[in-house]
Amino acid sequence: MSFSLDTPSVTSLKSEAKQLREDRVRLGQPITHGAALEEIARAHGYRDWNTARAALPERVAVPFQVGMRVKGFYLEQSFTGLLIGVQMSGNREYFTVTVQFDGPVNVTPTFMFAALRHRVTATIDSRGISPALRGNGQPQMRLTPA
């Protein structure tokens, strides 16, 4: 069984159920569409399909997706990179993103020594701006599609 990399929604769970049915047919163990929906709902931690259907939005429009090329500033250092992880927060206001930088980024405020990062995880809003601020009032991360 394969799982979608999208933020869970009714649409993404239905796609997973369709894939599960196709996989089971190939294995010679066909199941009904309803049974596939129930199994997928349980795999995502819901009691049953009806519970998942009530809890999840029909579709989720996410401004950032896994595999997207991005650019921006991390700790006021410019970067370009690849989004390798995106997770929506429980309140659906923020996203936790993991960015693999194209080149190392120095995250120290001084040039006396360097602390190079190749990958970081940060929380951002739908505009790509981190709610966490640095001591000077600037956001920790600003992210935009490249």
Side-chain angles (χ1 to χ4, degrees), residues 1-109 113-134 138-146:
M1 174 181 352
S2 65
F3 288 98
S4 169
L5 295 175
D6 293 337
T7 303
S9 66
V10 170
T11 303
S12 65
L13 266 60
K14 284 180 179 179
S15 294
E16 290 178 27
K18 180 180 177 185
Q19 183 65 49
L20 175 62
R21 287 185 67 202
E22 291 170 2
D23 292 347
R24 292 283 176 87
V25 165
R26 276 194 294 278
L27 293 172
Q29 304 166 348
I31 61 173
T32 66
H33 183 64
L37 289 171
E38 294 291 331
E39 189 170 327
I40 293 298
R42 284 190 299 276
H44 280 273
Y46 294 97
R47 184 182 65 213
D48 55 29
W49 172 250
N50 288 334
T51 305
R53 180 73 176 93
L56 294 171
E58 187 67 33
R59 293 182 186 272
V60 176
V62 291
F64 302 101
Q65 296 181 0
V66 171
M68 179 183 274
R69 300 282 313 153
V70 292
K71 63 182 178 180
F73 293 90
Y74 180 70
L75 301 179
E76 299 179 54
Q77 304 295 319
S78 66
F79 70 85
T80 58
L82 180 69
L83 269 182
I84 59 172
V86 178
Q87 182 176 8
M88 183 180 276
S89 68
N91 63 9
R92 293 183 167 86
E93 284 186 46
Y94 298 104
F95 300 89
T96 300
V97 296
T98 303
V99 179
Q100 177 74 40
F101 297 136
D102 291 340
V105 173
N106 184 3
V107 298
T108 59
F113 68 95
L116 302 176
R117 294 279 175 95
H118 297 273
R119 177 186 298 181
V120 295
T121 299
T123 300
I124 59 171
D125 62 17
S126 61
R127 299 170 299 147
I129 299 173
S130 175
L133 303 177
R134 298 186 43 131
Q138 294 296 314
Q140 286 181 351
M141 179 176 275
R142 289 183 186 271
L143 189 67
T144 61

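Counting heavy atoms from C-beta on, the side chains of L75 and R134 come closer than 4.5 Å. Two residues are said to be in side-chain contact when any heavy atoms from C-beta on lie closer than 4.5 Å; L133 and Q140 fail this criterion. Looking at heavy atoms from C-beta onward, I84 lies out of side-chain contact with V99 at the 4.5 angstrom threshold. With contacts defined as side-chain heavy-atom distances shorter than 4.5 Å, the pair D125/E93 does not qualify. No side-chain heavy atom of R24 sits under 4.5 Å from any side-chain heavy atom of R21.
For T108, the side-chain hydrogen bond (donor to acceptor under 3.5 Å, both in side chains) partners are N106, not counting sequence neighbours. With sequence neighbours left out, E22 forms a side chain to side chain contact (heavy atoms under 4.5 Å, CB included) with K18, Q19, R26. Shown here are the ring pair (Phe, Tyr, Trp, His ring centres under 6.0 Å) partners of F79, two or more places apart in sequence or in another chain: F101. Under the side-chain hydrogen bond (donor to acceptor under 3.5 Å, both in side chains) criterion, R69 pairs with D102, not counting sequence neighbours.
F73 CZ to I129 CD1: the interatomic distance, rounded to the nearest 0.5 Å, is 12.0 Å. The line from NE2 of H33 to CD of E38 is 10.5 Å long, rounded to the nearest 0.5 Å. Of the inter-residue distances, the one linking T144 atom OG1 with R127 atom CZ reads 13.0 Å to the nearest 0.5 angstrom.
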Open item on the list: Using side chain to side chain contact (heavy atoms under 4.5 Å, CB included), reason through M68 and V86 one step at a time and then give a plain yes or no.
Closed with: CA-CA 10 Å; M68 179 183 274; V86 178; over 6 Å; no

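Across all their heavy atoms, F64 and S126 have their closest contact at CE1-O, 4.0 Å.
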Between side-chain atoms of residues 45-57 and protein atoms elsewhere (two or more places apart, or another chain), which donor-acceptor pairs fall under 3.5 Å?
unit_1 : atom_1 : unit_2 : atom_2 : d
R47    : NH2    : T51    : OG1    : 3.3
D48    : OD1    : N50    : N      : 3.3
D48    : OD1    : T51    : N      : 2.8
D48    : OD1    : T51    : OG1    : 2.7
R53    : NH1    : E58    : OE1    : 3.2
R53    : NH2    : E58    : OE1    : 2.9

Let me have the donor-acceptor pairs involving side chains of residues 113-124, under 3.5 Å, with sequence neighbours excluded, atom names and distances please.
unit_1 : atom_1 : unit_2 : atom_2 : d
R119   : NE     : Q100   : OE1    : 2.8
R119   : NH2    : Q100   : OE1    : 3.0
T121   : OG1    : T98    : OG1    : 3.0

